[in-house]
Every structure is written in C-alpha cells, then in structure tokens.
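I have placed the structure first, in the form of structure tokens, so that the comments after it can refer back to it.
Each chain gets a letter, A, B and so on, in the order the sequences are listed, and its residues count up from 1. Being a predicted model, the structure only gives us computed values, none of them experimental.
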Amino acid sequence: MWTLFHKFGSPPWLYRLSGAILRWLLPITLLALVAGAVWGLLFTPPDFRQGNSYRIIYIHVPAAVVALAGYYVMAIAGAVSLIWRMKMADIAMRACAPIGAALTFVALVTGSIWGKPTWGTWWVWDARITSMLILFFLYLGVVALYEAYENKALAAKACAVLSLVGTVNIPIIYKSVDWWYSLHQPASIKFTGGSTIDPSMLYPLLFMISAFYCLFVCALLLNMRVEILEREQRTAWVRALATERGGS
Amino acid sequence: MKPASTAAFCFRLLRRQLVLGLRRPVELGNPLLFFAMVVALFPLGLGPAPDTLASFAPGILWIVALLSNLLTSDAVFRSDLEDGSLEQLLLAPQPLYLAALSYVFAQWLLTGFLLGLASPVFALMLGLAPAAIPALAASLLLGTAVLSLVGGIGAALTVGLKRGGMLISLLILPFYMPVLIFGSGAVQAALNGNPTGPFLAILAAFLCLSIALAPMAIAAGLRISIDT
Amino acid sequence: MKPASTAAFCFRLLRRQLVLGLRRPVELGNPLLFFAMVVALFPLGLGPAPDTLASFAPGILWIVALLSNLLTSDAVFRSDLEDGSLEQLLLAPQPLYLAALSYVFAQWLLTGFLLGLASPVFALMLGLAPAAIPALAASLLLGTAVLSLVGGIGAALTVGLKRGGMLISLLILPFYMPVLIFGSGAVQAALNGNPTGPFLAILAAFLCLSIALAPMAIAAGLRISIDT
Amino acid sequence: MYFESLSAVLQMDGHGTFVWSAYFITLGVIVSMIYVPRRREKRFLRQLGGQIRRSEGSNPPSARKEV
Amino acid sequence: MVNDSAPVAVVLSASELGLERGGRELFSGINLQLTRGQLVQIEGPNGAGKTSLLRILAGLSRYGFTGQVERHVPQLFLGHQSAVKGLLTPRENLAWHVAGESSFTAAAIDAALAAVELYGYEDVPSHALSAGQHRRVNLARLYLSQAPLWLLDEPFTAIDRGGVVALEARMLAHLEQGGTVLLTSHQPVAVAYPLLRLDLTTGQLQ
Amino acid sequence: MVNDSAPVAVVLSASELGLERGGRELFSGINLQLTRGQLVQIEGPNGAGKTSLLRILAGLSRYGFTGQVERHVPQLFLGHQSAVKGLLTPRENLAWHVAGESSFTAAAIDAALAAVELYGYEDVPSHALSAGQHRRVNLARLYLSQAPLWLLDEPFTAIDRGGVVALEARMLAHLEQGGTVLLTSHQPVAVAYPLLRLDLTTGQLQ
Ligand code: HEM
Ligand SMILES: Nc1ncnc2c1ncn2[C@@H]1O[C@H](COP(=O)(O)OP(=O)(O)OP(=O)(O)O)[C@@H](O)[C@H]1O
Ligand SMILES: Nc1ncnc2c1ncn2[C@@H]1O[C@H](COP(=O)(O)OP(=O)(O)OP(=O)(O)O)[C@@H](O)[C@H]1O
Ligand SMILES: [Mg+2]
Ligand SMILES: [Mg+2]
C-alpha cells in the first residue's frame, strides 16, 4: 500500500502508466461516445411531451453529473497535496479544473439550448441551473488562480487551499440554493421527476454517463502528462524523452 | 527575549488596523459612502415607483452590502504586503491564526459593523417597512462578519499576485451566495410576518463555522503569498 | 534630441496599457466575470420570478456596468504613480491631454467595450426581451466611454492622496448619474417600442463633451497629484 | 432506427437545429479537451529537444549559468 | 522550527541549500553554521541570490529550494522593504509593530528614535519623511529588539554617512554582547570586528 | 519652460529658491546656474531636502516653493522610484517608456541593456528581477537618452560595486560630450572629473 503511494508520487512511473492506460482507454472512450450518441440520437423513441429535443439529455445530463463529481476529485487531490505534499496530487488537481469547467460549460450550453424549445426561454433561474452556474464560477476561479501565479508549485498550493474551502462550501451552497428556490416557488416551470424515466431512455443515458466518466479520466491523464513534463523538464528522463521524441 | 503575550499582540494588531482604517477612509474603503451611493443609484436605474422598490429593498440592500464588502476585502492585506509588514507578521512568534482573525475583525468593524448600524437609514430611504428593520440590521451584522472572513481567504490567496487584478471577486463571490440568500431571506420573512429566528440561527451557524475554519485558510494563503 | 512624434507616442502608450491589461488575462476577463456574477446575485437576492427580473433587467445591467466601471477606473493611474512612471509621463514633452486620452481609451477598451459586446448574453440570462438588446449594447458602448472619461478625472484627482480619496469619487458620482438615466432610459424605450435614437444621441453628445473636456481635467489632476 | 429518412434525422420534427447544435458544440468541446493537451505535449517535447540540441551545439554567450 | 536541543552557540544552521530561479541555478551546496558573535556578509553582484538566500534562512521562502534550515534562536529580519506604514507616525510604527516582539515602553521607543536621529519626527506621519528617514524608522528596531540573530538585507540603503557610522557602531555593540549579524551590502562594512564573507558561488564561509 | 533665448552654455538656472516642509525651512536663497560639462553633487544628510530640490528643478513640484527655475534644455530625471513596470520585460519597459523620448531601435535597447549587464534578462518580467537589476533597467535609459541635462536622485542605490564603476564611466562620457549631471548620493562619487558640491545649508556651489 505504502509503496503504491510512493509510486504514485513518482513522475516517470505515472507518465509511463498513463501512457499505457491511454493507449486502450482513449479509443474505447471515443468509440463509446460515438455509439452512445448514435444510440441516443437515432435508436430511442421520442419523449411523448418534448418530442425529439429531449435527445439532448444524452449529453446534457452526463456532462452535468461528471462535472459535479469532478469537483470532488479536485478537492481530494488538493487535500492530498496539502497534507502529504505529494507533487502528483498537485498536478491532478490542476488538471481537473479546466476539464470540469469545460464539462460544466457543456451542461449549461446544452441545457440552455434545450430550454429554448421546451420552456421557450434560454435561461431560467432554477435551483439546479443556478447551482451549476455557481459551480462553473468555482471552476473558473481555480483555473484563474492557477494561471495568475507564476510559480506553479505555489499556484498548486493556493488552488488546493481554495478547493478545500470549496468542499466545505459546496454542500452549503447547494442546500441554500435549493432552499432559495423552494422559498420562491415559481409555479410555471418544473423539472419532471427523474424516477419515471423509461428504460428505453435510461439505458442509453447510463451508458453515456459511463462514457463521460471515461472521457474525464482520459482528459485528466492527458493534462497530467503535459504538466508532469513541464514540471520535470530539468530531470534526466524528460530530457532523454525530448531528445528521443522531440529531436526530429 | 520573551515575545508579547498573544492576547496583547492581537489587541495591538487590532488597534493598529483600526487606526490605519480610520486614518485612511480610502484604503479600507468607506463602505457607508459606497452604500449610500449605490442605494441612490437603484431608484435612478430601476425607476422610482415606491411599491416595487420597497418590495425589493431587502434584496437590494443585501446585494449592496455584499458588494461593498467585496470591494474592501481586497485591500485587507495588500498594503501590508507592499511595504513589507506582512513578512514581519509571518515571522512573529504568535500564532498566525489569531493575527489573521484580528485583521479580519478590524476590517469587519470598519465595514460590516458600521453598515449594520447605519442600515436602518438606507432601509427607510428605499421605503422598507419599519417592521423589517431589526431583522435587516441583525442579519447584516451577522452576515457581513461571515463575508469578511470568507473575503479574507480570497484576499490572502491573491495578495501576492502580480497579475491578479480583481481575481478575488471571482474567487469569493460564489462563497458569498449562501449568506446573501439567508440574509435577504431573513428580511423577507420579517416583511411577510414570519419568524426570523431560523434565518438568523443559520447565519450564526455560518459564522461559527467560518470563525473556526477561515483563519486557517487565511494563514495558509498568506504563507503562500509571501513566498514570492 | 527630437522627441517622438505625438501620434507615435500616443500609440505607444496605448499599446503599453493594453499589454499591461492583457498580461493579466484575469484582469481582462474580470469585468466580464464580475458582470456575470453580480448579475447572478440579483435573482438570488430578489427572487427568481422571470417577469420581475425582466422588468428590472435594464436598470440592473446598467447599474452593474456602472459599478464595474467605477471599480476599474480607480486603478488607471495608481500603479503608475506608485512606481514612478507617472512622474516620467508628466515630464514628457508631448501634450499631456493626449496621453491622458490614451490611458482612458485603453481602459475603456478593456472594460466598457468588452462589456458592451458581451451584454446580450447577460441580457438573455435576465430575460430581457430580444428587441431591446441592440439598444442595450449601443447605449452601453457609448455610455461606458463617458463613464471611463469621467472616472479618469476622479482617478487623477485622487491618485496621489494618502487619505480621503473616497470623498472625491463621491463628487464624481453625480456626473455618472445622467449617463445611468439616459442609458437605462434607452433600453426601457426599446422595451416599450419607442424610438431609442434620442437617448443614444444624448449619450453621444455627452461623449463628445467629455472627450473635449475630461482629458484637460485629468491632466490638471495628474499635475496636482504628482506634486507630493 | 427510429427515423425513416435522413432529412427526418436532420429535422427531428423541427427540433433539429437545437439537438444538432447541442451535439456539435459538445463535440467541439470534447475534441478540444483531448486535442489541446496532446498538442501541448508534442510541442513541449519538440521545444525542449531543440533547446537541448542548441545548448549542446553552442555555449550560451554570457557567463551566466544555464541549468 | 526553533529547536532547543542544539548547542547554545549555534544560532542557525543550514545544510546543502540550493535554489533555482527562472531556469538559472543561483546557488547550491551551501552549508552554514552561524554561531554567537559572528559577523557574516553575503557577497555577490546584483542578482546573485543574496536576498533569496536571506529569505530562505529567515523562513519566508518555504517552497522551491532544496536543503534544510534549522533556526535555534529568535531572529530579527530587516528586508528590502521597510515595513513602515506611511499613515502611522514613527512612534506608532514601532509601538504597534507586527513582528510580535514584546511591547516596548514609550521611553524605549523614543530613545530608539533618537538613536536613529529621528528626534523631532516622532509624530510626523511617516509618508512625509525623506527616503533615508523612512528607512531609519525601520532601523530603530535594531535598538529595541532583543533577538540574538539579525538578518539584514542592505541595511545601509539611502542612509547618509553619519547614519552608516552609527549603524556600524550598533552592530559592533550587538556582536560584543554575543549577538550574530548576517547581512548583505554592496557598500564596504567598516566594523572593527572580524568579518566573515559568504561567497555564493562557492558556498564557502571565509 | 524651455527657453531658447538664453546663452547656450547655461542649461538650467534657478534663483532664490526656498522651501518649507512640515513647518521646517529646508533651504532658502539657493541660486544655481548649471552650464554644460558640469558635474554637481547635492550634499546633505537624510532629510536635508535634496530630493525636494531636485523635484523642483525638474519641474515636478510646481507649488509651495519660492523662487524661479528656468530650464533651457531637455532633461532626464531619474528619481527614487524606478518607473519600471513589473509586468513588462526590461525590453518593453524601455521601448514603451512613458517619458516621450524618440522611439529607440531594438538594437539600441539591447545595447543599453547589455551595458547595464542585463543581457539574458531582456525578456524576463521585471518583477522577477533582483532589487539591483530592477534599478538597472531604469539606469539603461542613461545609455539611450540624448538629453544633455541629467538629474539623478541616488543613482547608486542597490547597485553593486561593478555597476557603480560602470555608471561613473557613463557619467564621465556624458560630461566629456558636454552634458551636465546633477546628482544626489550618500556614497562618494569617484569620477575623474572636477566635482562641484551644492551645500543646501549655505546654498553655495563649491
Ligand atoms: C442553461 C441551463 C439549463 C437548461 C435550460 C436546462 C434545461 C433542461 C430541460 C429542458 C430538461 C428537461 C426537463 C424535462 O424533462 O422537463 C433538463 C433536464 C435535466 N437537466 Fe437541465 N438544464 C440546464 C442546466 C442543467 C444543469 C446545470 C444541470 C445539472 C446540475 C442539469 C441537470 C438536468 C438533469 C439531471 C435533467 C434530467 C432529469 C430530469 O428530467 O429531471 N440541467 N434540463
Ligand atoms: N519571482 C522570481 N521569479 C523568478 N526569478 C526571480 C524571482 N525573484 C528573483 N529572481 C531571480 O533570482 C535572482 C536572485 O535574486 P535576488 O533578489 O536574490 O538577488 P540579490 O543577490 O539580492 O541581488 P541584489 O543585489 O540586486 O539585491 C535574480 O537573478 C532574479 O532574476
Ligand atoms: N509630503 C511631505 N510633507 C511634509 N514634509 C515632507 C514631505 N515630504 C518630505 N518632507 C520633509 O522634507 C524634508 C526633506 O525631504 P527630502 O526627501 O527632500 O530629503 P532628502 O534630502 O532627499 O533626504 P534623503 O537623503 O533621506 O533622501 C524631510 O525632512 C521631510 O520630513
Ligand atoms: Mg537583494
Ligand atoms: Mg532623497
């Protein structure tokens, strides 16, 4: 266990491992995404109330779910980096933020496109949407803070502090936004309950959610690899790699 | 050498920060003027119909309080970083947790506290029903303390940045939102004749939580910021 | 020694200020993000009911634009004063009037201009009727330029002060108010289906007036501020 | 397959613009999520390789230490 | 970390310090044992890394360097920036100093201000002082503090010739009481006391 | 005001200058005629009023003093603050300098940076420079500017010994080309050139 922990702290090991994982995970992920999209777009019946626009659900919901989970991954990595001073946790945390921001962005944009035919408006201040918007700001905050620091070791520490503050706060934010929405009770617009969803829609949705999780892992590893190289650019193994692969 | 006792040190810091704030209304901002100014803008921008203004007064007052806190938070540690005082503070043998708390407390006294005291005047300007005024003042006093503590975290994390701009507003506004919701909720409840106790209790709980945790985050942030 | 031609000098200053602004991408994104977040505060404070929000949208957007301008214009000359660049600027043989104009223009490009371009998105988020959006963008583009010029006067007068600056920015605020009134008036007119031309023409007239006069006031203010 | 013809797929009973634009925006984001780090990695390795070759070929002109 | 188990004579020890900044190695392999009664000057041209080393020794830089530092006694660090608040008077600046030393009496503060020739300026806001007077407010802490170890970064900056002589005398007194002084300075240090030099390029104390 | 009718040799003249700051009279009755080829050092301890006088002569202080100043030629003023923007690189700082001199070529700027030993730092953001390097960016203007009159406030601050020697050589070259240098410094100025001293207490040039 302890040795595994140490191995995770070793950049060249992680770099090689991630290369091996990506070699099969990335194609599988892309294939699954395409398959899921085709399944959702072409092979499922339309929703009886919303017609075909509901097909957006197969990207909207997975993006939202994974974006939310991403914040916790980021915060855990931040905690590890602060407590055990593990360099690779720094790097993982740093890599989570832009991915999470991109997925949140997808959820917001697709949702807003969905809203137009469904509710006739691009945007409503619904509890879930509002808290997702806040999550978007949180991600952007981490990205911006990281970019603003010139010394990347310090940047990672600062982001770790911020994302830890975020973990304490996110449940509070979510609960308060929920409560805020229920207080104002606008009767006009409501999400349908997710529980009544038909299996013919549920299976492709679950499939897409798993594909998005894989996508998250792939993007995370890809980003970590660059980050590892940039941080370790003075070590012998990176320089060997550069002369071997970048020499041409 | 025996260092000053921690209590004496914190008191000294508090006094220093208060004097600095009072000598320089710009630095820690003059939240009251800002508040008055922005409250005056709302009727101009939204149109002066008294009934709509009054019904939105709780939200407006709380948003303005939040903004004025946001703006002044940024400066809590900045001048100390620029003239080297922050280095000295980090070298002090007393716990940084308490020093951070003193800084934030001084900032709150000069902004949130004053604002809470003066809020009835502004509430009357916007035509808020007098029954809601105690709830407004109480929620502002509690809530702005939370805002100051949270704002301190953002300030500590961004103070050392050469290219940070007003990054702080991006970092901490999301964390301000629960306070806004329950703060304006308390006033709204008072307006509707509902009990305000639960709201104030939640704000107090936020305050306890942030007194316990925020100074730690501030201290960590300052140590990072000072390290070039 | 022949000094640089005035046009080249102004262009150089503009470029310098833009690069300084762009070096901190945060700074650039900041007015926009600030705008987005503050817009998000309003539903949280006032409640999410779409129709009230929409009816308040012109006022809210204009007030937020004004605030974000107020906050950024304070900094136009501050860092230059602190590092001694302002002294050098005042010693330059070229007319200070044009140098001041370059500074303000760069500041406007990085705030008001971007904000005007991005405003349709925020307008949609608040549920503003699409018909009013061109009027909103046009009035913001014109109006924020006036705000930047007027704000520059306040910045120039207060930049050298060790204490008491907020008072003068308070003096500047009355000059912001007509812009706010006509700016939100233009959007309101578009909402009601009235012609927006007159409002925009008045804003353009304000702009001409302030281009002619504000840089002179800024130059005078800088000379005073630099004199200890 | 639920749809009868390609044009039905594209139109989706009038919701086609919405559905397809949502999918294409998502596609764009996903592609950039994968493409951007890969390109950064390649470019970084190429730059570093060049830098190493240059420093091996010629000594830096000033006396300062280059690590 | 203040570690009381070390022998009393050693006030600060550092081993194998190395630092790299902006792709340049500034120094490496610096081993340093400062003992009581030592006067050490860090030598090097502009950009050699003197300030960076001093900040590491003081504990202000905590990330990004290699090696170990152990601090055994309280220290007084005076950096490039003077830590003097323009809005406070010199007297207030010293009385409410943030470094957390013991509270000084008003008489002690006045004596220290007199020693740095600020008599008559105690109650002027510090922003109305000249460049040299501003730095002197900070130097007054040398007369107040009881820390055995002084870390001084260019203490003579902006100080006139008389001031430099007085400062050297103060350092001598501190050294003779068993204090330790580690300083950087581009001006020659004229103290009638054995001066050790730390060469950053070799890492040797001579 | 630049006044072309004056005899060419006089670059700056001041008559009966007097200044009072914070209730203290700093100087009075200063009459000064600076001509081409003069090297003048303003003398006085900390707080004597050297910076204040220099700012009056440069035209930065316009109110609050008595007497007249006439400036006949373009000048280069380097003050206590370096006017170097931390976010810009040294090269950009010089290329986009706000003082409005003629646009310098990239080659001239690089040569000036090399002259102040910043070769290799041209493209580093200036906030990542050491204290001395930061000031050197500003001093590079001495190699670029063609102004005949230099007003330098403590130009040697934070500069190492080699840098001071180079700076003195640059001043000598400027003087020999008919330039004028008026400076303040607490360090001795070692230029092989007749040095005049302006004593602020007597107002005399010796
Ligand atoms: C621009 C913002 C958004 C718009 C306009 C929007 C719109 C929609 C619409 C129209 C539906 C279908 C509802 C129905 O079946 O009646 C939906 C479903 C859903 N949305 Fe969003 N959405 C947005 C953002 C979000 C965000 C940020 C999340 C994530 C937290 C989210 C999570 C979901 C989920 C889980 C469903 C499917 C489950 C259900 O039907 O209840 N949406 N959205
Ligand atoms: N934040 C930073 N980022 C990158 N490099 C830096 C940073 N700060 C300093 N440096 C570099 O570190 C080197 C040493 O700086 P330092 O301030 O320690 O020098 P110094 O010896 O004190 O010089 P001086 O005599 O000019 O004060 C310089 O070359 C500088 O370029
Ligand atoms: N803003 C001000 N208000 C009042 N008095 C001031 C102000 N600025 C400076 N003084 C006073 O003017 C005097 C001269 O200051 P000046 O900066 O000219 O001194 P200096 O000769 O340059 O000293 P140094 O060698 O320390 O740089 C000082 O005694 C100072 O107290
Ligand atoms: Mg230094
Ligand atoms: Mg001076």
Side-chain angles (χ1 to χ4, degrees), chain A residues 71 75 78-79 81-83 85 90 97 101 104 125 127 130-185, chain B residues 59 143 146 149-186 188-189 192 194 198-199 202-203 205-206 209-210 212-228:
Chain A
Y71 197 91
S81 126
L82 270 190
I83 297 166
R85 300 202 163 197
D90 270 15
T104 319
W125 293 97
T130 306
S131 31
M132 203 66 177
L133 182 67
I134 297 175
L135 184 70
F136 186 53
F137 291 148
L138 286 170
Y139 271 128
L140 285 187
V142 176
V143 174
L145 187 65
Y146 191 88
E147 291 307 320
Y149 272 91
E150 228 124 279
N151 180 338
K152 295 307 175 197
L154 290 180
K157 297 282 176 290
C159 291
V161 172
L162 184 66
S163 57
L164 282 183
V165 174
T167 16
V168 178
N169 256 294
I170 278 202
I172 296 179
I173 294 176
Y174 271 54
K175 279 276 164 284
S176 20
V177 171
D178 269 346
W179 178 84
W180 158 79
Y181 190 67
S182 66
L183 175 79
H184 292 280
Q185 294 285 357
Chain B
V146 182
L149 282 160
V150 174
I153 301 177
L157 284 172
T158 54
V159 65
L161 294 178
K162 292 288 174 302
R163 26 192 287 185
M166 280 242 322
L167 181 57
I168 182 176
S169 63
L170 177 57
L171 298 187
I172 60 178
L173 260 180
F175 300 139
Y176 275 9
M177 290 178 178
V179 182
L180 171 65
I181 290 173
F182 287 100
S184 63
Q188 202 72 57
N192 302 343
N194 297 332
F199 294 90
I202 290 178
L203 286 177
F206 284 170
L209 188 70
S210 42
L213 298 182
M216 272 178 356
I218 295 176
L222 288 179
R223 284 197 205 287
I224 293 168
S225 287
I226 207 72
D227 198 343
T228 312

Which atom pairs, donor and acceptor, lie under 3.5 Å between side-chain atoms of residues 151-158 of chain A and protein residues at least two apart or in another chain?
unit_1 : atom_1 : unit_2 : atom_2 : d
A/N151 : OD1    : A/A153 : N      : 3.1
A/K152 : NZ     : A/Y146 : O      : 3.2
A/K152 : NZ     : A/Y149 : O      : 2.7

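For B/I153, the part lying near chain A is the side chain, with the backbone staying farther off; criterion is any non-hydrogen pair under 4.5 Å. Contacts of B/I202 with chain A are absent, with no heavy-atom separation under 4.5 Å from either backbone or side chain.
Residues satisfying the side-chain hydrogen bond (donor to acceptor under 3.5 Å, both in side chains) criterion with B/S225, sequence neighbours excluded, are absent altogether. With sequence neighbours excluded, the residues forming a side-chain hydrogen bond (donor to acceptor under 3.5 Å, both in side chains) with B/Y176 are B/N69, listed by chain and number.
The distance from the CD1 atom of A/I134 to the OG1 atom of A/T104 is 12.5 Å, given to the nearest 0.5 Å. Distance check: A/L138 CG to B/I172 CD1 gives 12.0 Å after rounding to the nearest 0.5 Å.
Residue-level contacts of residues 166-173 of chain A with chain B, in order of numbering, are A/G166, A/V168, A/N169, A/I172, A/I173; threshold 4.5 Å between heavy atoms.
In summary, the aromatic rings of A/W180 and B/F182 are positioned with their centroids too far apart to meet the 6.0 Å limit. If you look at A/Y174 and A/W179, their ring centroids are not closer than 6.0 Å.
Of the listed residues A/V142, A/L82, A/V161, the one with more heavy-atom pairs under 4.5 angstrom with chain B than any other is A/V161.
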